Amino acid sequence: MSVPADPAVLATSLRTDPCGALGLPDVGRTVRLGGWVHRSRDLGGLVFLDLRDRTGLVQVAAGPAWTTEPVQAAAAAVGVESVVLVEGTVVAREPDRVNPDMATGAVEVRLSALRVVGPAVTPAIPVARGPKDRMPAEELRLRHRYLDLRRPELQHNLVLRHRLLQVTRRFLSERGFLELETPVLTKPTPEGARDYLVPSRVHPGEFYALPQSPQIYKQLFMCAGYDRYFQVARCFRDEDLRADRQPEFTQIDIEASFVQREDILTLAEGLVASLWHEAGHEVPLPFPRMSYAEAMERFGCDRPDLRYGLELRDVSEAFRTMAFAVTSAALAAGGRVRAIVVPGGGAWSRKQVDELEALAKGAGAAGLLRLRRSADGYEGPVAKLLTPEAEARLALREGDLLLGVAGPDRVSSPALDRVRQECARRLGLVDEQARCFLWVLDFPMFEADPDSGALAAVHHPFTAPHPDDMAARPDAPATWRALAYDVVLNGTELGGGSIRTSDPAVQSRMFALLGIGDTEEQERRFGFLLEGLRAGAPPHGGIAFGFDRIAMLLAGAPSLRDVIAFPKTTAARALFEGAPTPVPPDELGALHLTVRPAGS
């Protein structure tokens, strides 16, 4: 828990001190405390209450030598999670009774007065847990979130979240950034996910959208001359959820004018270092850098985890010498054979390797090539087809296991990335204490649909293409790089951004390449941005960090739901509030809406 440097700031007319701030310097003082009864122990002649507020716990002791009989009886009768006001004297505990697991464990408060101001029914879930107590199911905790939020673990996480926000605001404000707000009711724009739509009552048949990000608005701030902007922005995306994704989330959103990529990278590194410092970690600067192409080639992933090796290898030439139908067909179709070599993996059972193949198939691969080298030679479906040249190229050592995928990179990369992660976990290669930050640079500007060839923006349509690529290959936009960048930690993307397109003619061309070529459609969908660019736009760029994800990592929490006060489930439901919920027909009618049965 976080206690202010001067605990007196928490004093009120009802309490003199917070529970978690008492210590040996307070011995002899008479104090008034307020809090929740965390635990209660009645030992006959003595009653002990652990009193809790957000700053921590303190033991309150009632005994016949210092507590009147009515007060002692009240202390014995009070239920856990009831809110009480107490008064008593701070005394030092006997040396053999000091509790090293409590920050206040060297003292206790000897009770002289007690008043129950918030009696509590038996809690639906326990707040106090011992080291061996099982955590209630998450759905039950979310249903009774007001109790779950009382747990010291969650209170620690939310206090840390507060501190990280204050560091962010201070860091950026000291560098001349202005905290500016953007609308929550806005216009639908393509950001990579579905919009949450809000019907307009006063404009029948028309809708607002909740922002997926403040992207266009922050660019308009640059056009308006507010050359350094930031916002702790609420964002909304209607997409499938997981442990590190929520339908509404918080971004640290940053934009600056008259900058190039280096300016943004340096600023972002400083902010990250400050956030990690606040959580007690020092971060060496600058971060290493890697191109997108290198990351995909070596790791099959644009957010590689550098805490371990097991890098991907192109073994196409080795397999080209073998008459194996699967690899021959893939190579003939222009694909490759790529693989990882797992030292010691040769000892894994067939069942263990089958489990890895299931992961590869789940990521889109048709199967997983396997070849192991033991003391007796090579084993696996292609073992009998190995040529001396293939053996030399593969260079497997005794105990090695080769796991490969044949096909286009868009198939082999995600499959081998997933297999690589699991192999590292099985081998114990992941150092949980390591912090491997990385910049991934030079993303592709576009990705082409493998069937239709239609282009889609890898990040978003407002990212600037690399000027060298536009000049060298003006008619080959599928080969252009973007002036985009992501910052990655241990395989997790912390944030991403880009230098933006500030030339309205170039921006219009980007829309056209994405299939929005009609001038009227561009004006209808993006006219307010194009109008701002035409009015004179400085070169600008920025970055956005996933703040919830940063808080999760620094708190050591397993899920975003542990650092968000009132989160949604993976089914996008708010169990405590009961949302979403049906709306009465008359309220829908006022919004000019009706509900059709599913499937009609």
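Since the structure is predicted, the reported quantities are computational estimates derived from the model, not experimental observations. Heads up: numbering here begins at 1 and tracks the sequence.
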J.: Inspect the surroundings of CD in Gln260 and state if more than 12 heavy atoms from other residues, nucleotides or ligands are less than 6.0 Å away.
T.: no
J.: In Å and rounded to the nearest 0.5 Å, what is the CD to NZ distance from Glu255 to Lys218?
T.: 5.0 Å
J.: Mind running salt bridge (Lys or Arg N to Asp or Glu O under 4.0 Å) on Arg307 and Asp431 for me, showing each step along the way?
T.: CA-CA 6 Å; Arg307 290 176 295 177; Asp431 182 355; over 6 Å; no
J.: When you measure from the side chain of Gln246 to the backbone of Lys568, do you find a donor-acceptor pair of N or O atoms at a distance under 3.5 Å?
T.: yes
J.: Begin with the C-alpha distance, continue with both residues' side-chain angles, and end with the deciding distance and a verdict on side-chain contact (heavy atoms from CB on, under 4.5 Å) for Gln212 and Tyr196.
T.: CA-CA 9 Å; Gln212 294 186 36; Tyr196 279 102; over 6 Å; no
J.: About how many Å separate NZ of Lys187 and CG of Leu529, when rounded to the nearest 0.5 Å?
T.: 10.5 Å
J.: Rounded to the nearest 0.5 Å, what separates atom NE2 in His460 from atom CE in Met510?
T.: 13.5 Å
J.: Hey, is the main chain of Arg397 close enough, under 3.5 Å, to the side chain of Arg373 for a donor-acceptor pair?
T.: no
J.: Looking at His277, I'd like to know if its NE2 atom is crowded, meaning that more than 12 non-hydrogen atoms belonging to other residues, nucleotides or ligands lie closer than 6.0 Å.
T.: no
J.: Under 6.0 Å from the CD atom of Glu181, do we count more than 12 heavy atoms belonging to anything else shown?
T.: no
J.: May I ask you to check whether Thr492 and Arg549 show a side-chain donor-acceptor distance below 3.5 Å?
T.: no
J.: Please report the interatomic distance CG(Leu416) to CD(Glu311), rounded to the nearest 0.5 Å.
T.: 13.0 Å
J.: Determine, stepwise, if the pair Met290 / Phe299 fulfils side-chain contact (heavy atoms from CB on, under 4.5 Å).
T.: CA-CA 11 Å; Met290 183 181 296; Phe299 304 100; 3.9 Å; yes
J.: Taking Gln522 for its side chain and Ile516 for its backbone only, find out whether a donor-acceptor pair lies under 3.5 Å.
T.: yes
J.: Taking atom types as modelled, is there a side-chain donor on Ser413 or Arg338 under 3.5 Å from an acceptor on the other?
T.: yes
J.: Look at atom CZ of Arg303 and say whether more than 12 heavy atoms of other residues, nucleotides or ligands are closer to it than 6.0 Å.
T.: no
J.: Look up atom CG in Leu394 and atom CG in Leu386, then write down how far apart they are to the nearest 0.5 Å.
T.: 6.5 Å
J.: Step by step, would you call Glu317 with Arg393 a salt bridge (Lys or Arg N to Asp or Glu O under 4.0 Å)?
T.: CA-CA 8 Å; Glu317 294 310 310; Arg393 287 183 178 275; 5.1 Å; no
J.: Can you tell me if Arg500 and Ser498 form a side-chain donor-acceptor pair at under 3.5 Å?
T.: yes
J.: Counting neighbours of CD on Glu531 that are heavy atoms of other residues, nucleotides or ligands and sit closer than 6.0 Å, is the number greater than 12?
T.: no
J.: Aromatic rings Trp480 and Phe446: how do their planes relate, parallel, tilted or perpendicular, breaks at 30° and 60°?
T.: tilted
J.: So with a 6.0 Å cut-off around OH of Tyr208, is the heavy-atom count from everything else above 12?
T.: no
J.: Does the ring centre of Phe437 sit less than 6.0 Å away from the ring centre of Trp276?
T.: yes
J.: Kindly indicate, with the supporting measurements, whether the criterion salt bridge (Lys or Arg N to Asp or Glu O under 4.0 Å) is fulfilled by Glu239 and Arg194.
T.: CA-CA 7 Å; Glu239 56 190 351; Arg194 295 185 186 90; over 6 Å; no
J.: Looking at Ala209, is its backbone amide N or carbonyl O close enough to the side chain of Thr186 to form a donor-acceptor pair, meaning the two atoms are under 3.5 Å apart?
T.: no
J.: Assert yes or no for the condition that the ring centre distance of Tyr229 to Phe177 is strictly below 6.0 Å.
T.: no
J.: Does a donor on one side chain and an acceptor on the other come within less than 3.5 Å for Asp305 and Gln421?
T.: no
J.: Will you find, in the side chains of Ser213 and Gln251, an N or O donor that is under 3.5 Å from an N or O acceptor?
T.: no
J.: Check for a donor-acceptor pair, side chain of Thr463 on one end and backbone N or O of His459 on the other, with a separation under 3.5 Å.
T.: no
J.: So for atom CZ, which belongs to Phe207, do other residues, nucleotides or ligands contribute more than 12 heavy atoms lying within a distance under 6.0 Å?
T.: yes
J.: For Thr250, is there any backbone N or O sitting under 3.5 Å from a side-chain donor or acceptor partner on Asp548?
T.: yes
J.: Sub-3.5 Å donor-acceptor pair from the side chain of Arg426 to the main-chain atoms of Trp348, do we have one?
T.: no
J.: What verdict does the side-chain contact (heavy atoms from CB on, under 4.5 Å) test give for Arg170 and Val167, after you've listed the backbone C-alpha separation in whole Å, the side-chain angles of each residue and the deciding distance to 0.1 Å?
T.: CA-CA 5 Å; Arg170 184 166 59 249; Val167 167; 3.6 Å; yes
J.: Side chains of Gln231 and Thr182 only: does a donor on one sit below 3.5 Å from an acceptor on the other?
T.: yes
J.: Enter the distance from Glu520:CD to Glu523:CD here, rounded to the nearest 0.5 Å.
T.: 9.5 Å
J.: Would Arg481 and Asp469 count as a salt bridge (Lys or Arg N to Asp or Glu O under 4.0 Å) here? Give the steps.
T.: CA-CA 7 Å; Arg481 293 166 296 165; Asp469 295 348; 2.9 Å; yes
J.: Does the side-chain contact (heavy atoms from CB on, under 4.5 Å) test come out yes or no for Leu369 and Phe324, once each step is laid out?
T.: CA-CA 11 Å; Leu369 300 169; Phe324 187 57; 3.6 Å; yes
J.: Classify the side-chain pair Gln507/Asp503 by whether it contains a donor and acceptor separated by less than 3.5 Å.
T.: no
J.: What residue among Val405, Val315, Leu403, Asp417 forms side-chain contact (heavy atoms from CB on, under 4.5 Å) with Ile340?
T.: Leu403
J.: Measure the acute angle between the ring planes of Trp439 and Tyr485, then classify it against the limits of 30° and 60° as parallel, tilted or perpendicular.
T.: perpendicular
J.: Is it true that a side-chain atom of Ser452 and a backbone atom of Asp449 form a donor plus acceptor pair closer than 3.5 Å?
T.: no
J.: Just checking, any donor-acceptor pair under 3.5 angstrom between side chains of Thr479 and Arg473?
T.: yes
J.: Using the rule given for side-chain hydrogen bond (donor to acceptor under 3.5 Å, both in side chains), can you reason through Glu179 versus Ser173, listing the C-alpha separation, both sets of side-chain angles and the distance that settles it, and then say yes or no?
T.: CA-CA 8 Å; Glu179 185 170 7; Ser173 296; 5.9 Å; no
J.: A cation-pi test, strictly: NZ or CZ of Arg175 under 6.0 Å from the centre of the six-membered ring of Phe171 and no more than 45 degrees from its axis. Yes or no?
T.: yes
J.: Report yes or no: does Ser559 contribute a side-chain atom to a donor-acceptor pair with the main-chain N or O of Arg561 at less than 3.5 Å?
T.: yes
J.: Report yes or no: does Arg320 contribute a side-chain atom to a donor-acceptor pair with the main-chain N or O of Ala390 at less than 3.5 Å?
T.: no
J.: Would you check if Thr501 and Pro465 make a side-chain contact, meaning some heavy-atom pair closer than 4.5 Å?
T.: yes
